[in-house]
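Note that this is a predicted model, so its numbers are computed, not measured.
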Amino acid sequence: MLIRSFPAGAFGTNCYAVATGPRQECVVVDPGMDAVEPLARMLAEEGLKPVAVVLTHGHLDHTFSVLPVCDGYDIPAYLHPADSGMLADPARWHGPQLAPLITGLQLPDPADVLPLDEGAVLSLAGVQLTVRHAPGHTQGSVVFSLDLGEAPGLLAGDVLFAGSVGRVDLPGGSWEAMLRSLRDVVLPLDDETVVLPGHGPATTIGRERATNPYLAEAAAGAGAAPRERGL
């Protein structure tokens with residue numbers, strides 16, 4: 001499996017391309033702010049042809065460039081329906097401090113975005129992505145399980161980071177829902193699972209199980225909400 005990524009925009013959102021190898025079709029994950037040109041360079045370097053964009057959730061730092069990417073390559077986007085309102089009315093879900101970014105922003109019509117359903121298996125570009133609904137950071141947050149060949153993989157979005165988890169203080173966030181997602185979706189995964197997060201470096205489930213205080217609190221059934229990271 002070929003995984004390439006770069007940190008996009010001021011929030012350093014990891015935009016990924018996932019393919020079976022060089023010079024193949026690929027899936028683009030979370031094209032965020034200022035992602036169009038660096039994504040094009042990355043795809044050209046590997047000879048990759050995108051066939052779809054999949055979104056881990058609806059926050060702007062993960063969706064900002066989805067319209068030009070989809071229009072430029074004539075490909076569809078996928079998003080969980082619970083986050084479609086973030087495309088239709090971003091100001092409501094991101095708070096007034098982001099108003100300058102939202103002014104003039106063009107996002108896809110939610111009716112043109114394909115839905116991600118819990119448990120669905122997307123077969124795209126020869127890659128199988130299993131969708132797990134993991135609300136908490138947003139109502140429609142999802143993670144994608146995939147086979148990296150040498151180990152299982154998890155495209156975690158803003159559900160799980162190295163040493164932390166996604167913030168829950170924006171509209172649609174819920175610490176109680178996050179605890180349930182960590183307990184029911186993340187903790188059952190094999191320790192060898194490679195976590196490819198929405199921000200920061202890769203990690204493994206085993207490392208996070210041993211060191212991440214929020215996973216420990218989820219396992220114990222209680223805990224304090226995380227500090228802010230990303231959107």
Side-chain angles (χ1 to χ4, degrees), residues 5 7-18 26-40 50-120 122 124 129 131-144 155-159 166-174 177-178 181 197-199 228-231:
S5 67
F11 291 95
T13 302
N14 291 329
C15 176
Y16 294 94
V18 183
C26 72
V27 181
V28 175
V29 184
D30 289 351
M33 295 174 179
D34 304 319
V36 175
E37 292 184 5
L39 174 62
V51 299
V53 169
V54 296
L55 301 169
T56 60
H57 63 288
H59 281 155
L60 283 180
D61 61 328
H62 293 251
T63 66
F64 194 90
S65 298
V66 63
L67 186 60
V69 169
C70 287
D71 284 353
Y73 296 100
D74 192 24
I75 57 177
Y78 292 79
L79 177 70
H80 193 279
D83 275 4
S84 64
M86 294 185 181
L87 302 179
D89 186 11
R92 175 185 173 192
W93 299 95
H94 293 83
Q97 71 273 23
L98 293 178
L101 293 175
I102 294 169
T103 301
L105 175 66
Q106 288 187 313
L107 292 171
D109 187 317
D112 296 330
V113 177
L114 300 174
L116 293 171
D117 299 319
E118 161 64 22
L122 302 180
L124 300 167
L129 301 174
V131 181
R132 292 299 312 274
H133 186 208
H137 180 61
T138 69
Q139 294 173 347
S141 287
V142 301
V143 298
F144 300 99
L155 290 158
D158 286 5
V159 174
R167 63 188 292 180
V168 296
D169 60 321
L170 292 175
S174 166
M178 177 66 85
S181 293
H199 302 268
E228 296 180 3
R229 188 170 186 181
L231 289 189

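Pro110 and Ser84 make their closest contact through CG-O, 3.5 Å (heavy atoms, listed as atom of the first residue, atom of the second, distance). The nearest pair of heavy atoms linking Ala35 to Ala8 is CB-CB, 4.1 Å. Between Val36 and Pro68, the shortest heavy-atom contact is CG2-CG, 3.7 Å. In this structure, Phe11 and His199 approach most closely via the heavy-atom pair O-ND1, 3.0 Å. Shown here for Cys70 and Ala77, the closest heavy-atom pair between the two residues is SG-CB, 3.7 Å. Nearest heavy atoms, Ser5 versus Tyr16: CB-CD2, 3.4 Å.
In this structure, CG on Leu105 lies 8.5 Å from CG on Leu67, to the nearest 0.5 angstrom. Rounded to the nearest 0.5 angstrom, Leu107 CG and Asp112 CG are separated by 12.0 Å. Rounding to the nearest 0.5 Å gives a distance of 3.5 Å between CG of Asp61 and OG1 of Thr13. Interatomic distance, Leu114 CG to Tyr78 OH, rounded to the nearest 0.5 Å: 5.0 Å. Note that CZ of Phe64 is 10.5 Å distant from CD of Gln106, once rounded to the nearest 0.5 Å. For the atom pair Phe144 CZ and Leu116 CG, the distance stands at 4.5 Å (nearest 0.5 Å).
Screening Val54, Val53, Val28, Val18 for a side chain to side chain contact (heavy atoms under 4.5 Å, CB included) involving Leu124 leaves a single residue, Val54. Among Val143, Val29, Asn14, the one residue that satisfies the side chain to side chain contact (heavy atoms under 4.5 Å, CB included) test with Leu155 is Val29.
For the pair His133 (side chain) and Gln139 (backbone), a donor-acceptor distance under 3.5 Å is present. A side-chain donor-acceptor contact under 3.5 Å links Ser174 to the backbone of Ala177.
Qualifying side-chain contact (heavy atoms from CB on, under 4.5 Å) partners for Pro115, counting only residues two or more places apart in sequence or in other chains: Pro81, Asp117. Scanning for side chain to side chain donor-acceptor pair (under 3.5 Å) contacts around Thr138 gives Asp83, Ser141, with sequence neighbours left out.
Inspection of the Thr56 and Asp30 side chains reveals an N or O donor paired with an N or O acceptor under 3.5 Å.
When side chains are defined from C-beta on, Pro31 counts as touching Leu55, because their heavy atoms get closer than 4.5 Å. Looking at Cys15 and Leu39, their side chains come closer than 4.5 Å, going by heavy atoms from C-beta outward. With contacts defined as side-chain heavy-atom distances shorter than 4.5 Å, the pair Val66/Pro108 qualifies.
For His57 and His137, the distance between ring centers is under 6.0 angstrom.
More than 12 heavy atoms of other residues, nucleotides or ligands lie within 6.0 Å of CG in Asp109, so this atom counts as buried by the packing criterion.
Each salt bridge (Lys or Arg N to Asp or Glu O under 4.0 Å) pair with one or both residues in residues 131-141, not counting sequence neighbours, appears once here: Glu118-Arg132.
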For Asp158 and His62, what are the C-alpha separation, side-chain angles and deciding distance, and is it a side chain to side chain donor-acceptor pair (under 3.5 Å)?
-> CA-CA 10 Å; Asp158 286 5; His62 293 251; 3.2 Å; yes
